Number of protein chains: 2
Amino acid sequence: MADVGRLAGVSQVTVSRALSDPSMVSAETLRRIQEAIRVTGYVPNALAGALASNRSNLISALVPSVTNVVYSSLLHAFSKIMRERGYQLMVGETGFDPAEEEAVIATHLSRRPDAMLLTGIHHSPGSRRMLMSAAIPVVEVWDITETPIDCCVGFSHVAAAVAAANYAHGRGYERAAAVTAGDERAARRRDAFVKQFEMLRGAPVATIDFKGHASLGGGRQALATLIADHGFSGGVVFCSSDQFAQGILVEAKARGLAVPRELAVIGFGDQEFAPHTDPPLTSVRVDRDMLGSAAADALLARFAKIPLVGAVTDIGFQIMERETS
Amino acid sequence: MADVGRLAGVSQVTVSRALSDPSMVSAETLRRIQEAIRVTGYVPNALAGALASNRSNLISALVPSVTNVVYSSLLHAFSKIMRERGYQLMVGETGFDPAEEEAVIATHLSRRPDAMLLTGIHHSPGSRRMLMSAAIPVVEVWDITETPIDCCVGFSHVAAAVAAANYAHGRGYERAAAVTAGDERAARRRDAFVKQFEMLRGAPVATIDFKGHASLGGGRQALATLIADHGFSGGVVFCSSDQFAQGILVEAKARGLAVPRELAVIGFGDQEFAPHTDPPLTSVRVDRDMLGSAAADALLARFAKIPLVGAVTDIGFQIMERETS
DNA sequence: ATGAAAGCGCTAACAC
DNA sequence: GTGTTAGCGCTTTCAT
């Protein structure tokens with residue numbers, strides 16, 4: 001920066017001003033500085049800038065897994081808005097594990113992010129403590145709670161599952177099953193679905209739980225197990241993810257089961273492929289783009305010191321009724 | 001850090017040493033420092049450390065899109081190894097656009113990453129210039145070239161497509177089509193496939209190109225178009241992605257076409273669901289975990305100043321022959 | 001509109 | 001094994 005200044009015949013501070021707010025220097029000086037930057041190939045050092053200004057323009061975003069499209073699409077929407085505002089993203093994976101999350105939070109905080117996005121509302125006491133003393137805006141996404149660390153953007157998983165159960169009941173299905181991946185929020189949906197459906201029908205709901213993430217293969221296997229071990233037939237299967245639902249559809253087709261007459265399916269997430277399966281998949285839609293942009297807006301409001309009207313934003317959900325149920 | 005030192009009865013540098021290399025301070029001092037850290041809730045400032053040491057422990061990773069599992073799984077494998085070695089990832093999305101990539105590279109370089117991972121081997125002259133003068137290790141992934149910026153890890157897209165064409169020819173298919181997403185590497189595979197198949201069979205290959213990313217819906221639509229507009233029947237469809245292939249399978253089933261007898265399909269990427277479609281999908285497998293770890297190893301070797309035996313690592317590919325072809 | 005000086009919180013180099 | 005000193009490359013504050 002000093003070199004650039006020398007070449008432009010001004011001091012180093014003037015270059016700094018030209019870069020941070022061009023209106024602070026005269027037009028002629030600005031021109032000479034820009035020329036000098038071009039000639040020298042100068043690249044600003046954001047590390048030094050952050051240290052001096054105590055603002056890093058970095059946002060830390062922690063998700064369970066980047067390979068799961070429900071989280072990566074959130075990241076995509078969130079980062080788009082943040083980048084437009086001059087913020088860069090540091091991404092961390094927590095693997096659905098609060099202890100792992102705590103470790104990732106610690107390393108990320110050492111980079112002095114200006115804010116942090118966290119997935120879910122359950123965090124270890126250590127995590128909460130670190131975040132509180134870091135005193136930066138924090139947004140928790142994908143779920144809502146009355147007691148967020150700072151603010152949260154999401155929807156009620158219980159409400160979504162109850163709505164699905166009511167819907168299934170309304171369509172007249174007398175039997176139900178739930179297929180669930182190893183994810184705390186999915187488990188809460190399963191529990192709420194089971195409770196509600198059993199209340200409405202008085203019939204027990206069969207459940208299949210997987211340890212890991214949802215997959216097409218898992219869905220196929222789940223249906224096979226449901227039929228073989230639970231004697232399941234003629235009911236509706238509530239899945240924790242569209243991946244499972246798609247697998248169930250494939251397995252049903254392979255077995256010659258008519259969907260939805262002999263077997264109905266409800267997915268979760270309304271992924272891109274959902275309208276294009278055969279038959280088109282009924283699924284619970286959560287607007288992930290809106291989730292990402294609402295999370296960004298919440299943080300931006302914090303930066304602008306705009307008092308949040310409410311710390312919790314419920315973006316809701318919607319049952320996309322298609323032809324599998 | 002000075003506060004911690006005061007509490008522990010040592011100077012600030014000693015705290016720095018205790019943190020960077022515990023063996024440099026006496027056991028008793030170390031104990032007192034750790035206690036002081038616990039009491040004060042001290043969180044190191046990695047920004048200041050990076051500025052002083054000229055090492056940020058940050059790696060910048062640029063991919064076209066984080067929502068595409070082929071890139072996010074690479075990121076996952078890459079970041080796992082890097083994190084174990086104490087490096088953190090800054091992720092950037094370039095959207096398949098060299099100009100966008102150049103802008104992202106510029107902002108990322110201002111954070112002074114210790115190394116950079118880039119997707120593909122085609123970069124703007126401006127990008128190359130910035131990277132050269134940054135003088136950091138750079139690894140280009142997903143493709144190989146004799147003239148990498150620094151080093152590259154990938155496979156030959158031409159060789160993969162030629163192998164697919166040879167395979168299709170060997171299976172006796174007399175007609176072929178190619179369905180391709182808007183991605184430069186996919187287009188190169190399409191061209192190589194078309195050229196090779198036409199050479200072997202003398203029959204023209206029908207092509208369907210999409211502007212955006214691959215999707216199940218796109219695959220269904222592609223098959224419909226192939227049948228309606230190209231009078232395509234009884235051949236093999238080479239897809240640039242398993243997503244397309246899956247869509248073709250769904251559409252074929254909906255139309256009552258027997259796979260592979262009346263219609264054969266070859267996917268690309270061998271995604272998780274490929275072995276579980278009905279029938280199981282033949283696909284070109286690229287080991288994305290290996291890609292990520294080989295890229296990490298290449299960078300790590302650079303850091304250790306180990307002279308690379310070769311700057312280019314070809315991880316190859318494999319045709320996973322299943323039942324759709 | 002521009003400059004001089006101080007300092008952000010660390011690490012590196014050199015003492016002892 | 002520990003302390004002292006001097007920066008890293010910026011932004012901030014105060015002058016002019």
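A quick note: this is a predicted structure, and the numbers were derived from the prediction, not measured. Letters A, B, ... mirror the listed sequences (proteins, then strands); counts begin at 1.
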Problem set entry | Centroid separation B:His157 to B:Phe155 less than 6.0 Å | yes
For this session: Return the orientation label for the B:Tyr71 and B:Trp142 ring planes: parallel under 30°, perpendicular over 60°, tilted otherwise.
Result: perpendicular
Exercise. Has the side chain of B:Ser127 got a donor or acceptor atom that lies under 3.5 Å from a matching backbone atom of B:His123?
Worked result: no
Problem set entry | Qualifying residue for salt bridge (charged side-chain N to carboxylate O under 4.0 Å, His left out) with B:Arg302, from B:Asp297, B:Asp114, B:Asp150 | B:Asp150
For this session: Taking A:Arg111 for its side chain and A:Leu58 for its backbone only, find out whether a donor-acceptor pair lies under 3.5 Å.
Result: no
Exercise. In this structure, which one of A:Glu100, A:Glu101, A:Glu102 forms a side-chain hydrogen bond (donor to acceptor under 3.5 Å, both in side chains) with A:Ser124?
Worked result: A:Glu102
For this session: Check DNA chain D against residues 19-32 of chain B and give the residues with a non-hydrogen atom under 4.0 Å, in numerical order.
Result: B:Met24, B:Val25, B:Ser26, B:Thr29
Problem set entry | Sequence-distant partners of B:Glu28, side-chain contact (heavy atoms from CB on, under 4.5 Å), two or more places apart | B:Ser26, B:Arg31, B:Arg32
Problem set entry | Bend angle of the helix from C:dA1-D:dT16 to C:dC16-D:dG1, end axes from five pairs each (to 10°) | 30°
Exercise. Nucleotide range of DNA chain D contacted by chain B, 5' to 3', under 4.0 Å to a heavy atom?
Worked result: D:dG1 to D:dG9
Exercise. Does any N or O in the side chain of A:Ser20 come within less than 3.5 Å of the main-chain N or O of A:Ser16, such that one atom is a donor and the other an acceptor?
Worked result: yes
Exercise. Should we count CZ of B:Arg128 as having more than 12 external heavy atoms under 6.0 Å?
Worked result: yes
Seminar exercise, completed: To the nearest angstrom, the CG-P distance between A:Asn57 and C:dC8 comes to 20 Å
Exercise. Just by distance, do the side chain of A:Glu93 and the backbone of A:Val66 share a donor-acceptor pair under 3.5 Å?
Worked result: yes
For this session: Taking only heavy atoms on the protein side, list every residue of residues 34-56 of chain B lying under 4.0 Å from any atom of DNA chain D, sorted numerically.
Result: B:Leu51, B:Ala52
Exercise. Testing A:Val138, A:Val63, A:Thr94 for side chain to side chain contact (heavy atoms under 4.5 Å, CB included) with A:Leu118, which one passes?
Worked result: A:Val138
Exercise. Got a sec: does the CG of B:Asn54 have more than 12 other heavy atoms crowding it under 6.0 Å?
Worked result: no
For this session: Examine B:Phe78 together with B:Tyr87 and report whether their ring centres are nearer than 6.0 Å.
Result: no
Seminar exercise, completed: In numerical order, the residues of residues 8-17 of chain B whose heavy atoms come under 4.0 Å of DNA chain D are B:Val10, B:Ser11, B:Val13, B:Thr14, B:Arg17
For this session: Check whether more than 12 heavy atoms from other residues, nucleotides or ligands sit under 6.0 Å from atom CD of B:Glu146, and answer yes or no.
Result: no
For this session: Could you verify whether a donor N or O on one side chain and an acceptor N or O on the other, from B:Ser56 and B:Arg112, lie under 3.5 Å apart?
Result: no
